[in-house]
Amino acid sequence: MRRTANELFGAGAYTWSAAGVGYPGEFHLAATALMLGGHVRVGLEDNLRLDVERRAASNAELVEKAMTLAPLLDREPATADEARAILGLRPR
């Protein structure tokens with residue numbers, strides 16, 4: 001799909017994200033998306049687990065875990081304002 005998007009739109013002319021379903025798929029796919037230059041989406045609607053033994057108490061816990069992957073893969077998490085700009089949303 002990435003190759004097709006590059007052919008249709010040109011490399012760097014679009015954004016994309018990935019959202020895995022269930023544990024550990026959510027975090028495996030997050031790492032893969034980060035390695036390939038994409039964005040990540042996590043949330044309780046897709047996965048209830050923080051790890052094998054613990055349920056996530058909130059979306060914030062899942063986001064924090066996903067954000068720990070970014071620096072390991074030489075990526076910088078976007079701020080809220082940067083995310084709005086990436087998505088073409090109005091500034092707050």
Side-chain angles (χ1 to χ4, degrees):
M1 289 175 56
R2 183 172 174 243
R3 182 176 43 241
T4 300
N6 284 341
E7 290 171 1
L8 290 173
F9 307 115
Y14 61 93
T15 64
W16 63 275
S17 63
V21 176
Y23 181 84
E26 183 170 65
F27 298 107
H28 290 176
L29 195 56
T32 301
L34 289 170
M35 286 188 289
L36 294 174
H39 301 283
V40 174
R41 181 194 168 285
V42 296
L44 290 171
E45 59 278 3
D46 300 320
N47 168 47
L48 297 174
R49 306 213 64 81
L50 195 57
D51 60 40
V52 172
E53 298 176 2
R54 289 190 313 147
R55 288 181 69 144
S58 66
N59 278 328
E61 278 192 314
L62 296 172
V63 170
E64 286 176 19
K65 182 171 180 174
M67 285 181 60
T68 64
L69 295 170
L72 296 173
L73 301 167
D74 295 325
R75 296 287 303 276
E76 181 76 24
T79 66
D81 289 337
E82 290 168 338
R84 292 182 72 77
I86 290 166
L87 295 171
L89 300 173
R90 289 184 309 217
R92 286 189 149 186

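What's counted below: heavy atoms across the whole structure, side chains too, no hydrogens, waters or symmetry copies. Given the structure is predicted, the values throughout are model-derived calculations rather than measurements.
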Item to check | Donor-acceptor pair, side chain of Glu26 and main chain of Leu44, under 3.5 angstrom | outcome: no
Checklist entry - What are the two closest non-hydrogen atoms of Ala31 and Leu69, and how far apart are they? => result N-CD1, 4.0 Å
Checklist entry - Considering only heavy atoms from C-beta outward, does the side chain of Leu34 approach that of Val40 to under 4.5 Å? => result yes
Checklist entry - Shared ILVMFWY cluster between Leu29 and Leu73, side chains joined below 4.5 angstrom? => result no
Checklist entry - Ignoring hydrogens and geometry, is there a side-chain-to-backbone donor-acceptor pair from Arg75 to Gly38 under 3.5 Å? => result yes
Item to check | Where Trp16 and Gly37 come nearest, the two heavy atoms and their spacing | outcome: CZ2-C, 4.1 Å
Checklist outcome for this item: Contacts of Leu8 meeting side chain to side chain contact (heavy atoms under 4.5 Å, CB included) (sequence neighbours excluded), chain-then-number -> Thr4
Next on the checklist: Contact between Asn6 and Arg2 at the side-chain level, heavy atoms closer than 4.5 Å - yes or no?
Outcome noted: yes
Next on the checklist: Please find the pair of heavy atoms, one from Ala66 and one from Phe27, that lie closest to each other, and give the distance.
Outcome noted: N-CE2, 4.0 Å
Next on the checklist: Can you tell me how far apart CE (Met35) and CG (Leu72) are? Round to the nearest 0.5 Å.
Outcome noted: 11.0 Å
Checklist outcome for this item: Between Arg49 and Arg55 the two heavy atoms that sit nearest each other are NH1-CG, 3.3 Å
Indicate every side-chain donor-acceptor pair of residues 80-92 with a distance under 3.5 Å to a residue at least two apart or in another chain.
{"unit_1": "Glu82", "atom_1": "OE1", "unit_2": "Thr79", "atom_2": "N", "d": "2.8"}
{"unit_1": "Glu82", "atom_1": "OE1", "unit_2": "Thr79", "atom_2": "OG1", "d": "3.4"}
{"unit_1": "Arg84", "atom_1": "NE", "unit_2": "Arg90", "atom_2": "O", "d": "2.7"}
{"unit_1": "Arg84", "atom_1": "NH2", "unit_2": "Arg90", "atom_2": "O", "d": "2.6"}

Item to check | Val63 side chain reached by Val42 side chain, heavy atoms, under 4.5 Å | outcome: yes
Next on the checklist: Minimum heavy-atom separation for Asp46 and Ala19, please, with both atom names.
Outcome noted: OD2-CB, 4.3 Å
Item to check | Pairwise side-chain contact, Asn47 with Val21, heavy-atom cut-off 4.5 Å (strictly under) | outcome: no
Item to check | Phe9 to Ala13 - nearest heavy-atom pair and separation | outcome: O-CB, 3.1 Å
Checklist entry - Taking it one step at a time, do Asp51 and Lys65 satisfy salt bridge (charged side-chain N to carboxylate O under 4.0 Å, His left out)? => result CA-CA 10 Å; Asp51 60 40; Lys65 182 171 180 174; 5.7 Å; no
Checklist entry - Tell me, do Tyr23 and Val52 make a side-chain contact under 4.5 Å, heavy atoms counted? => result yes
